[in-house]
Structures are given as C-alpha cells and as structure tokens.
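One structure below.
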Amino acid sequence: MTKKRRYSPLVMLFEFGKLGKNSFFFVVFLYVIKADSTSLFITYGRIIFLLAVVLTVFSIIYQWFTHRYELDDKSFHLYKGLFNKSERIIPFSKIQNINRRAPLFHRIFNMTSIHFETGMIGDNAAVTFKVISQKEAERIETFLKSATKHNEVYPNDGFDVPPVEVGHHAPNRIIHFQSTRKDIFKASFTSLSFLILIPFIGSFYFKTNEIFDVRHTAEGLFERMISTWWAVAIIVIVLTIASVAFGIVKTFLKYGNYEISSDSDYIYISKGVIDETAFSISKERVQAIEIEQSLLKRWFGLAGVKLTSVGSLSSGEHKLEVNTLYPFLPVHKAYAMIADILPSYTITKEMTRLPKKVFWLRMLWPSWFWLIVTGFLLYFKPTILKLEQAWLILSVVLLFWILGVRWLDFFHTRYRMNKHFMQFMQFKKGVLKTSLFISKREKVIEVNVTRNLVQKRLGLASIRTINRGKPIRHAGVDDVPIEFANAFVKWYKDRENEVTVE
C-alpha cells in the first residue's frame, strides 16, 4: 500500500492554460471586436463570461485540494470531495492499455500525462493523471505491472508486492522498429499529407476574414499576383515546394522518433518529436490484428498493422493512433514483426477465394442506387458541356463504376480458417483499400451465420465474428459456401477448452 498522495500542483497551471485557450475567442469577441458596443447582450455576456472564468478558476483550485490517490497491491484508490467525500476503486486486473502523452507544456516542466485505460464504458472508465512527473509515472506503471504479475503467481497471499527498480527502458526489451528519414519520406507521400497545406491556408483566411474583414484587400492582391504568366508559374512552384515541405515536416513531427519494442509480456509504441506519445499493451489483451493497405500503399509495398484491444485508445481530447504498428511498414517487415511480437498469431498468404458463382451473383445483382440515379437523370436530362446525351453518359459511367467496385470487392475477398495447432481465423476484404483481419479462436466472443433467400438457393451463407474492443469489433465475409459456414460454427464450438473466465 502506497501513501495517499495529492496530484502535482502543475495540474492547476495546465488547467489554467486550457481555460485561457478556450476563452480566447470570447475575449477577442467581447473585448476587441465589440469593445465599443453598449448593447445589453454584450454587457451581460461580459458579466456571464467573467463569472464563468471565476467559477472555473475556483473549481480548478478546489479539485486540486480535494483530489488524491493511492495504490495497494491490487487496485487504484481515487478520492475526491471535501464535505461529501467519495472513493473510486479501479482493480489492476481491469487495466487494458497504458497511454502516455507529453505535449510541449509537459516537456517544458519535464512532466508527462498517463492514462490507464480499462474495458469499462463511461467518463470514469480510465484512471487519468493529467500532469505527473516522469519518475512518478514510471513508479506507478512499474508498480502496476509488478503487482499484476505478482497476484497472478501468488493470488490473495496477503503480502505486499516486492519493490521493483524503476527505469526508462527495461533491460529485456527488444526493439523491432525505429523510423528513419527514408520511412518519413515514404510516409509523407503515401499519406498525402502534402495536400493539407492549401486547405489549411484557406481555413486560416476565412477565420481571419471573419474577424478583420480582409476579403477585399486579399482579392485585389490576388488579382495583381496572377496578372502575368511568370507570376503564376512562380506561385505554382512556391506552393508545390511549400506543400511538400509542409507534408514532410508534419509527418516528421507526428511519426518522428517512432519506435516499436516489446518484452515477454507487453508491446511498447512511442512516437512524436514535440508532442510525445507512448503506448503499452499487454500481449494477452490483444484481441485481433488488422493489416490495412490503401491503393498507394499497395503500389509502394507498404501496410499498416492495427491491434484491436479492449481498452480505449484515446487520451482526453486527443485520439492516440498508437494502436497501429507504424502505418507505413513494408509488407514483408510487417509480417515478420507480427511473428516476432505475437508468435501465437499465424498469418498465411494462402487463402480461399469465393466461388465463381458469387462473381456472377454480385455482377448481376440489381443496383438500386444506379436505378434511382438513372431515373433522376432521365427525368431532368441535364445538359453538360452542350451535350444533350450527358445524362446517358453519366448513367453508363456510374454503372461501370459500380461494376468495377463489385469486381474489386470479389477479387480481394478471401478467407482462411486454421483448425490445427494455432486456432485462428482470417478474412480479407476491400475495394481500393484492403483489410486483412486475423483473430485467434479464444479471442472471439461470438459468431453468427446468416442466409437470405438467394444464398439458400445457391448454397451460400454470410459469416461474422465479434471481438471485444472499443467499439466492439465485427468482421466477416459474405457469400461463402454453406459447407464452410457449417465447419466455421463447429470450429467455434470446439473452443470450450481454451476459454478462461477472468
């Protein structure tokens, strides 16, 4: 049992900073734009705003004085309240993921934030330390892992957890991947981050125009800039270089210092240059693996590997995309890394395609969307580029697009069920973006098989699996042979000897 502790006083400074950030718009509107206004609406608005700021400041200080925490050998104990006191207990066994995030504010003071995510739902589903010292975060994380392992070996023995040394990196941790400059360049182009600059400039312009009305000045400047061909050429070149540079810098800040490592029990992922993020998940908590490839990634031979886990992967207002084992891994490296980190997950490239009759079923199945759109085009008959038959051309183009999507979906859809040694199921689906889903039988909590009238006539069925996660993870394939669907149900029923109840 540790001593009852108060949170870091820097929590108050952090909350004051958030208050200032959230109040910026109101300050500009009430005291700059409407500085000379005598309207009752503005006057009362200023009063309400000041009262809200005072109450928020008091609430921040009050919470720091009344909120405390402590740890025993099995759970977190979180206390709050002065007159009406309450205690919340979160068992260590419920902790699914551990997320760390150190933005600029935290790095200035050599602090971090840490979130212990559970499988529960609601505002109190996580144990959150918004600002905490690096040493204290390491101490709590190490204490939790040690206590969890100790209780698994010596359950309910009544003794304290033995002390453990705190270190930044465990000596037995194996590093599987570290991002290089080449990886950053690949990521910046395959993620199309260089296209973000122009929308960013447009958004900045419209927001500035709402406050300072710069539209007329900007329009006049733009007309002078495009008055000659060489000026247009210079603008295009400058924008191209700036866009590429912006994309590379943005990708570097997000994926720089990316590292994937593991030990015998946990997977560790860290990333970020200014805004540092770290994530750890128990290997036993991994419910499924998903390998995703967009069209660009397939061209460059890259893939992203996602881990499905029970705990939430968000940190306050920020979604932590660290459940991905780097989104731009070479395919062969991704497969090898999964084999190294999670050897109990077997991925095979030999998968079964859908029967040929499914191809004709999907290609000949009527498209209600195409029929409705064609009906509207036939009724209004729009003329485009002086073409009176433009409506017919649009209808034909849409039909070929739908048929092309169906062909790609059929071509990419495959499935595989392993009934020997490693019991796992894998599905592959997608059109322009493909997804390969792999899960062990013991991690699947529910399966179902459905059949419509057409599938019954053709001897087909749709199969689905459900895995725990936030949100619940559904996966499956449509139009598999009924023989495989029956074997799939039997395969799942045979899992009784593998399931352990927590």
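From a predicted model like this one, the values you see are computed outputs, not experimental measurements. All residue numbers in this chain count up from 1 along the given sequence.
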- Message: If you count every heavy atom of other residues, nucleotides or ligands that lies below 6.0 Å from Phe252 atom CZ, does the total exceed 12?
- Response: no
- Output yes when a side-chain donor or acceptor of Lys283 lies under 3.5 Å from a complementary backbone atom of Leu342, and no otherwise. no
- Query: Hey, are the side chains of Leu296 and Leu302 touching, using non-hydrogen atoms and a 4.5 Å cut-off?
  - Reply: no
- Do side-chain atoms of Thr112 reach the backbone of Gln134 as a donor and acceptor pair under 3.5 angstrom? no
- Note on the structure: Quick note, side chain to side chain donor-acceptor pair (under 3.5 Å) partners involving residues 47-65, not counting sequence neighbours, are Ser59-Gln63
- Task: Return yes if some donor-acceptor pair links the side-chain N/O of Arg298 with the main-chain N/O of Leu432 below 3.5 Å, else return no.
- Result: yes
- In terms of heavy-atom contacts, does CZ of Phe26 have more than 12 from other residues, nucleotides or ligands at under 6.0 Å? no
- Query: Is the distance between the ring centroids of Phe14 and Phe105 under 6.0 Å?
  - Reply: yes
- Exam field: side chain Glu292 to backbone Lys306, donor-acceptor pair closer than 3.5 Å: no
- Please say whether more than 12 non-hydrogen atoms of neighbouring residues, nucleotides or ligands are located less than 6.0 Å from NZ in Lys130. no
- Smallest heavy-atom separation, Gln293 atom then Ala303 atom, equals CG-CB, 3.7 Å
- His412 side chain vs Gly430 backbone, donor-acceptor pair below 3.5 Å: yes
- Do Phe300 and Lys186 touch side chain to side chain, with heavy atoms closer than 4.5 Å? no
- salt bridge (Lys or Arg N to Asp or Glu O under 4.0 Å) filter on Glu276, not counting sequence neighbours, yields Arg107
- Query: What residue among Val331, Ile341, Ile289 forms side-chain contact (heavy atoms from CB on, under 4.5 Å) with Val305?
  - Reply: Ile289
- Message: Taking OH in Tyr335 as the centre, count heavy atoms belonging to other residues, nucleotides or ligands within less than 6.0 Å. Is the count above 12?
- Response: yes
Donor-acceptor list for residues 30-41 side chains, cut-off 3.5 Å, not counting sequence neighbours:
unit_1: Ser37; atom_1: OG; unit_2: Ser39; atom_2: N; d: 3.3
unit_1: Ser39; atom_1: OG; unit_2: Phe41; atom_2: N; d: 3.2

- Phe129 and Tyr7 aromatic centres sub-6.0 Å: yes
- Item | Pairing residues for Phe328 by the ring pair (Phe, Tyr, Trp, His ring centres under 6.0 Å) criterion, not counting sequence neighbours | Tyr255, Tyr326
- Message: For Glu141, give me all partners under salt bridge (Lys or Arg N to Asp or Glu O under 4.0 Å), at least two apart in sequence or on another chain.
- Response: Arg100, Lys145
- Query: Just checking, is any N or O donor in the side chain of Asn467 or Thr308 under 3.5 Å from an acceptor N or O on the other one?
  - Reply: no
- Message: Is it the case that atom CD in Glu284 sees more than 12 heavy atoms from other parts of the structure closer than 6.0 Å?
- Response: no
- Using modelled atom types only, decide if a donor and an acceptor are shared between the side chain of Tyr492 and the backbone of Ile445 within a distance under 3.5 Å. yes
- Would you call Glu138 and Lys135 a salt bridge, using N to O less than 4.0 angstrom? no
- Message: Restricting to non-hydrogen atoms, name the atom on Gly476 and the atom on Lys429 that form the minimum distance, rounded to 0.1 Å.
- Response: O-CD, 3.0 Å
- Query: How would you list, by chain and number, every residue that makes a ring pair (Phe, Tyr, Trp, His ring centres under 6.0 Å) with Phe437, sequence neighbours excluded?
  - Reply: none
- Message: As an exercise, state the distance from CD1 of Ile248 to NZ of Lys250, rounded to the nearest 0.5 Å.
- Response: 13.0 Å
- Close side-chain approach of Leu436 and Thr434, heavy atoms under 4.5 Å: no
